[in-house]
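Written below as structure tokens is the structure these notes are about.
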Amino acid sequence: QVQLVESGGGLVQAGGSLRLSCAASGRTSSSYSMGWFRQAPGKEREFVAAISWSRGNTYYTDSVKGRFTISGDNAKNTVYLQMNSLKPEDTAVYYCAAALGPLSRLKDFYDYWGQGTQVTVSS
């Protein structure tokens, strides 16, 4: 089992920045890929970004490219999502997820999920 705990969400004005953290514990492994997803009220959970622990490869959805950066600290078993130039449409609950395998944008591919952290961007 892998436990994931997100933190760093909050309320920010449009154009501002936030950094989300996801601390992993339990049976963690460098074979995992870590992803960030988000879910706005009344919408499906959607892929945001992912990173491979072993290779450091990253993958982003088009709407966040150039604004968000995913990174990982292997020593701390923590994944980060740096979010800059935030927009009101980025408002959602952000979830961290872990998958034993290569990068994927498919939520069904992920085995473990955190509880989520709320990000609210005001206009």
Side-chain angles (χ1 to χ4, degrees):
Q1 290 286 337
V2 175
Q3 293 78 43
L4 304 172
V5 178
E6 303 98 334
S7 61
L11 173 64
V12 64
Q13 288 188 330
S17 299
L18 282 174
R19 188 177 80 155
L20 305 183
S21 300
C22 172
S25 61
R27 300 184 67 177
T28 58
S29 166
S30 61
S31 299
Y32 277 97
S33 295
M34 304 295 293
W36 284 99
F37 289 75
R38 65 187 180 187
Q39 188 167 17
K43 294 188 176 182
E44 293 282 327
R45 190 171 299 189
E46 65 173 2
F47 170 78
V48 176
I51 186 168
S52 167
W53 272 127
S54 59
R55 298 187 177 186
N57 302 31
T58 57
Y59 182 29
Y60 298 91
T61 194
D62 287 346
S63 63
V64 307
K65 284 181 181 177
R67 300 189 298 124
F68 291 11
T69 302
I70 188 171
S71 62
D73 185 333
N74 287 336
K76 296 182 179 180
N77 280 338
T78 301
V79 174
Y80 304 98
L81 185 68
Q82 178 67 44
M83 305 186 294
N84 299 328
S85 302
L86 282 161
K87 304 175 181 180
E89 51 263 45
D90 294 317
T91 295
V93 177
Y94 282 70
Y95 296 91
C96 175
L100 188 60
L103 296 181
S104 175
R105 65 181 301 123
L106 302 176
K107 57 182 183 291
D108 290 344
F109 186 76
Y110 289 81
D111 304 299
Y112 303 101
W113 293 83
Q115 82 289 350
T117 185
Q118 176 71 47
V119 171
T120 304
V121 184
S122 62
S123 57

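Predicted model, so just to flag it, every value in this text is computed and none were measured. Hydrogens, waters and symmetry mates play no part in the numbers below; they use all other heavy atoms, side chains included.
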field: Check: Asp111 and Leu100 side chains under 4.5 Å, non-hydrogen atoms
entry: yes

- request: Grab the two heavy atoms, one from Leu81 and one from Val48, that are nearest each other, plus how far apart they are.
  value: CD2-CG1, 4.2 Å

query: Quick one: OG on Ser25 to CD on Gln1, what's the gap to the nearest 0.5 Å?
result: 10.5 Å

- prompt: Is there a path from Val64 to Phe47 through hydrophobic residues (I, L, V, M, F, W, Y) whose side chains come within less than 4.5 Å of each other?
  reply: no

message: Nearest 0.5 Å, please: how far is CH2 in Trp113 from CZ in Arg45?
response: 5.0 Å

query: Do the side chains of Val79 and Leu18 join up, straight or via other hydrophobic residues, at under 4.5 Å, putting them in one cluster?
result: yes

field: Smallest separation among heavy atoms of Ala92 and Gln118, with atom names
entry: O-NE2, 3.4 Å

query: Which pair of heavy atoms, one from Ala14 and one from Pro88, lies closest together, and at what distance?
result: CB-CD, 4.1 Å

Electrostatic pair Asp90-Lys87, nearest N-O below 4.0 angstrom: no

- prompt: Nearest 0.5 Å, what's the OG-CZ distance between Ser33 and Phe109?
  reply: 6.5 Å

message: Does any part of the side chain of Tyr60, heavy atoms only, come nearer than 4.5 Å to the side chain of Thr69, both counted from C-beta?
response: yes

statement: Test ring pair (Phe, Tyr, Trp, His ring centres under 6.0 Å), reference Tyr110, set Tyr95, Trp36, Phe37, output is Phe37

message: Using every non-hydrogen atom in the two residues, find where Thr91 and Ala40 come nearest and quote the distance to one decimal.
response: O-CB, 3.7 Å

task: State plainly whether one hydrophobic cluster holds both Tyr94 and Val12, where clusters connect Ile, Leu, Val, Met, Phe, Trp and Tyr through side-chain heavy atoms under 4.5 angstrom apart.
output: yes

- prompt: For the residue pair Thr78 and Ser21, what are the closest heavy atoms and their distance?
  reply: CG2-CB, 4.2 Å

- prompt: Side chains of Leu20 and Glu6: closer than 4.5 Å at any heavy-atom pair?
  reply: no

- prompt: If two hydrophobic side chains count as joined below 4.5 Å and joins carry through other members, does Val2 share a cluster with Ile51?
  reply: yes

field: Reported CG-to-CG distance for the pair Leu4 and Asn77, which is rounded to 0.5 angstrom
entry: 10.0 Å

- prompt: How many angstroms lie between CE in Met34 and OG in Ser52, if you round to the nearest 0.5 Å?
  reply: 11.0 Å

message: Would a single hydrophobic cluster contain both Tyr32 and Tyr80, if residues Ile, Leu, Val, Met, Phe, Trp and Tyr are joined by side-chain heavy-atom contacts under 4.5 Å?
response: no

field: Pairwise side-chain contact, Glu46 with Arg38, heavy-atom cut-off 4.5 Å (strictly under)
entry: yes

